[in-house]
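All values derive from a computational prediction rather than experimental measurement. Values below: all heavy atoms of this structure, side chains included; hydrogens, waters and symmetry mates excluded.
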Amino acid sequence: MKIDLRKYLEERDEMHRSLLRDGPVVTVSRAYGCEANRLVMLLIHRINELGPGTLKKHPWKYISKEVIDECAFELGINPHDIDQRILAHSTEGINGLLAGFAHHYEVSDREILSKVNEVIVSYAKKGNVILVGRGGSMVTEGMDHVLRIRLEAPLKWRARVIAGKLGIGDDAAYDLVQHMDDNRVRWMEHLTGRSFDEHMFDLIINVEKMSDKETLDVILQVMKHRGMIPTQPLERKSQKSRVS
């Protein structure tokens, strides 16, 4: 079987170039009470139906808690400790005082913050990932081929959702939503050392008003326009070629 050497070399060079590119990656930040899991799973399915993209060839996948789990494994501490340490963001002096009481404080805040940033950037550089939460929108700031999405809804609407989901009163749900919103912003700011700014997002979607289908259609259209995914399924392209 004869090998087209020129084609082989071109494909090899393109593969090497693609490995050097950032992304593509979609980050999803959400206000507390805005469901993201269902939406992201539907989005992954729709994207992978289109086939490999032009920037990276492997299938898209959903990344969220894997960031913390991977960091915890590499640092040898509990995932819950990572979450709490970033939220509290102790000073180096406090870390030293606490080291004698708990083994996991032998790992400094600086090491934890560095590792979480490192893992998020690593996933983003590999590309074809949807990063949900974990400060991904802020950590990837400055990287190419990133679509940053924020899921929002009015506070009262989100409080009603949480009240129904957790079986708690409206007032308690309202307070909880505000508390969790504050914690999520604080977590991101501690992780990156920068202030949270909604102007970083490319899309801010009101999930009270937008259905999953409408939201998916908007996101997919932007991704296609930016060349992050194919504009139509590859099978359809090949069928068109055979007809012509």
Side-chain angles (χ1 to χ4, degrees), residues 22-70 119-120 122-140 143-155 157-166 177 180-181 184 187-188 198 200-239:
D22 295 339
V25 57
V26 175
T27 66
V28 179
S29 173
R30 72 274 193 229
Y32 186 67
C34 295
E35 172 63 37
N37 293 339
R38 180 183 66 251
L39 177 68
V40 171
M41 294 304 294
L42 290 170
L43 182 58
I44 290 282
H45 178 72
R46 289 279 296 275
I47 292 172
N48 285 331
E49 276 188 330
L50 294 170
T54 55
L55 296 174
K56 300 287 172 68
K57 301 301 181 183
H58 51 278
W60 283 70
K61 64 180 180 179
Y62 172 11
I63 299 294
S64 182
K65 69 181 184 65
E66 291 84 354
V67 169
I68 301 301
D69 290 343
E70 186 172 328
V119 169
I120 290 173
S122 175
Y123 276 118
K125 285 184 175 294
K126 289 175 185 175
N128 289 9
V129 295
I130 299 181
L131 286 168
V132 178
R134 309 304 173 188
S137 298
M138 292 181 69
V139 173
T140 57
M143 296 180 69
D144 296 327
H145 309 116
V146 181
L147 175 62
R148 296 176 182 83
I149 299 168
R150 174 75 174 175
L151 302 181
E152 274 284 1
L155 179 58
W157 182 88
R158 292 187 284 125
R160 286 197 301 271
V161 169
I162 293 300
K165 185 176 181 180
L166 300 182
V177 168
M180 292 301 294
D181 279 347
R184 287 183 173 184
W187 199 95
M188 289 187 285
E198 286 200 343
M200 81 177 97
F201 297 107
D202 303 291
L203 291 173
I204 298 179
I205 297 171
N206 183 347
V207 299
E208 179 194 18
K209 302 296 185 183
M210 295 276 285
S211 68
D212 282 351
K213 183 182 184 306
E214 290 172 326
T215 301
L216 285 172
D217 288 344
V218 169
I219 295 172
L220 289 168
Q221 189 59 38
V222 174
M223 293 180 73
K224 289 175 181 179
H225 182 74
R226 292 189 176 187
M228 299 172 75
I229 56 175
T231 56
Q232 59 180 331
L234 296 183
E235 294 79 9
R236 195 176 303 167
K237 289 181 179 180
S238 60
Q239 288 173 3

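Under the salt bridge (Lys or Arg N to Asp or Glu O under 4.0 Å) criterion, Glu70 pairs with no residue at all, not counting sequence neighbours. Taking Asp144 as the reference, nothing meets the side chain to side chain donor-acceptor pair (under 3.5 Å) condition, with sequence neighbours excluded. Tyr32 is linked by a side chain to side chain donor-acceptor pair (under 3.5 Å) to nothing, counting only residues two or more places apart in sequence or in another chain. Taking Pro59 as the reference, Asn48 meet the side-chain contact (heavy atoms from CB on, under 4.5 Å) condition, with sequence neighbours excluded.
Scanning all heavy atoms of the two residues, the minimum distance from Leu43 to Leu220 falls at CD1-CD2, 3.8 Å. Ala153 approaches Arg158 most closely through the heavy-atom pair O-NE, 2.9 Å. The two residues Trp157 and Gly33 come nearest to each other via the heavy atoms CZ3-O, 4.1 Å. Contact record, Leu39 with Thr215: CD2-CG2, 3.8 Å, taken as the closest heavy-atom pair. What you find for Cys34 and Val207 is that their closest heavy atoms are SG-CG2, 3.7 Å. Taking each heavy atom of Ala159 and Val177 in turn, the nearest pair found is CA-CG2, 3.9 Å.
Interatomic distance, CG of Asn128 versus NE2 of His58, reported as 4.0 Å (0.5 Å rounding). To the nearest 0.5 Å, atoms OG1 (Thr27) and CD1 (Ile149) are separated by 7.0 Å. Distance check: Met223 CE to Leu50 CG gives 9.0 Å after rounding to the nearest 0.5 Å.
Among residues at least two apart or in separate chains, salt bridge (Lys or Arg N to Asp or Glu O under 4.0 Å) pairs with a member in residues 25-44 are Arg38-Asp212. Among residue pairs with one or both ends in residues 221-233, those qualifying as salt bridge (Lys or Arg N to Asp or Glu O under 4.0 Å) are Asp202-Arg226; sequence neighbours excluded.
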Intermediate values then yes/no, side-chain contact (heavy atoms from CB on, under 4.5 Å), Val218 and Glu214: CA-CA 6 Å; Val218 169; Glu214 290 172 326; 5.6 Å; no

Derivation and outcome, side-chain contact (heavy atoms from CB on, under 4.5 Å), residues Asp217 and Met210: CA-CA 11 Å; Asp217 288 344; Met210 295 276 285; over 6 Å; no

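Counting only N and O atoms by type, the side chains of Glu49 and His45 include a donor and acceptor under 3.5 Å apart.
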